[in-house]
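In listed order, ligands and their atoms are each counted from 1.
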Amino acid sequence: MASSSHLDVCQKVAIELALQAGQMMLAASGRSRNIDQKESMVDLVTETDKGIEAMLFSEIKKKFPEHKTIGEESHHGKAEWTDEPTWIIDPVDGTMNFVHTFPFACVSIGLTIKKEPVLGVVFSPFLDKLYVGRKGRGSTCNGKPISVRACSGLSQALLVTELGSGREEDRIKAICDNFKAVAFKVHGIRAQGSAALNLCSVAHGYADGYYEFGLHCWDMCAGMIILTEAGGVVSDTTGSPLDIMARRILATGNQTVAQQLADSLVSHIELERD
Ligand code: IPD
């Protein structure tokens with residue numbers, strides 16, 4: 001296990017890099033060129049995603065040469081995720097928002113050790129929110145401690161979910177079936193377009209739950225430690241333990257909402273693992 005002083009250094013570096021990535025996003029906002037499609041017509045990558053990931057990877061390699069990295073833009077095929085300290089990074093989470101200048105876009109930097117998230121930093125320069133979560137140390141937003149909202153059950157919950165970035169017919173049908181099954185049991189459902197910020201919204205008590213099928217490990221790694229350290233719970237959409245390579249998540253402020261939400265979902269979509 002890394003010492004607490006080593007994790008202090010990791011945390012300081014991650015925050016500095018997140019702020020630097022935020023400056024790069026601000027500088028490029030509204031000027032996105034060279035927009036490419038990846039897995040589908042709504043799965044986009046810009047030169048900013050690639051530039052930020054290259055900057056983050058190069059700085060991390062300089063500072064922590066022995067650490068491993070997994071990143072959205074350099075991921076090809078299966079992620080090599082080991083017990084070694086591994087930075088799991090999304091340079092721009094909410095790329096579609098970024099392209100449209102909708103402000104829910106952020107950089108998401110997570111660190112796992114022995115396959116357990118221990119540090120998460122999520123920064124949105126557009127919302128001016130810097131979220132930090134560290135195992136055993138709680139979570140903060142702009143330096144102030146945050147915690148989940150008390151919510152008595154699904155009927156009182158404001159949820160977040162997403163259509164996601166795939167458009168295969170089966171997947172969209174299952175997502176719509178789940179939406180119909182949940183929508184009339186809750187106060188409301190929102191789609192913000194950034195998995196990392198969705199997790200931070202539950203951590204900050206703006207939302208009571210979030211579920212999604214089809215996201216990736218780099219979308220959830222940092223946000224999940226921020227949420228659990230703010231008092232929330234994460235699991236697979238079935239309610240069983242979360243597997244961050246399995247492309248689905250259920251994240252709530254407490255176990256009651258988690259159980260009721262897991263019981264309400266009618267379709268658990270299986271996707272190719274990261
Ligand atoms: C996407 C966003 C979106 C979610 C997708 C993710 P990206 O990440 O988090 O909210 O619905 O599943 O892939 O592609 O913008 O980094």
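Checked by atom type and distance alone, the side chain of Asp128 never pairs as donor or acceptor with a backbone atom of Pro125 at under 3.5 Å.
At least one N or O atom of Asp93, backbone or side chain, sits closer than 3.5 Å to an N or O atom of ligand 1. Backbone and side-chain nitrogen or oxygen atoms of Asp219 are examined, and one is located within less than 3.5 angstrom of a nitrogen or oxygen of ligand 1. Where the criterion is an N or O separation shorter than 3.5 Å, residue side chain and backbone included, Gly94 meets it with respect to ligand 1.
Close approach to Val92 involves these atoms of ligand 1, each under 4.0 Å from a residue heavy atom: 15 (O), 16 (O). Atom numbering of ligand 1 starts at 1 in the shown order; those under 4.0 Å from a heavy atom of Gly193 are 2 (C), 3 (C), 10 (O). Each of the atoms 15 (O) of ligand 1 lies under 4.0 Å from some heavy atom of Thr95. If you number the atoms of ligand 1 from 1 as listed, the ones under 4.0 Å from a heavy atom of Ser194 come out as 9 (O), 10 (O). Taking every heavy atom of Leu215 and a limit of under 4.0 angstrom, the matching atoms of ligand 1 come to 12 (O). The ligand atoms of ligand 1 that sit less than 4.0 angstrom from a heavy atom of Ala195 are 2 (C), 9 (O), 10 (O).
Taking all heavy atoms of Glu212, Glu162, Glu72, Met96 into account, the minimum distance to atom 12 (O) of ligand 1 is reached by Glu212.
Under the 30°/60° scheme for interplanar angles, the aromatic rings of His204 and Tyr206 are found to lie parallel. Between His6 and His67, the ring planes are perpendicular. Angles over 60° get that label, and only those under 30° would be called parallel.
Ring to ring, His100 and Phe102 are not that close: their centroids are 6.0 angstrom or more apart. Trp87 has its ring centre no less than 6.0 Å from the ring centre of Phe57.
A 4.5 Å side-chain heavy-atom check between Cys151 and Asn254 finds at least one atom pair inside the cut-off. Looking at heavy atoms from C-beta onward, Ile88 lies in side-chain contact with Trp81 at the 4.5 angstrom threshold.
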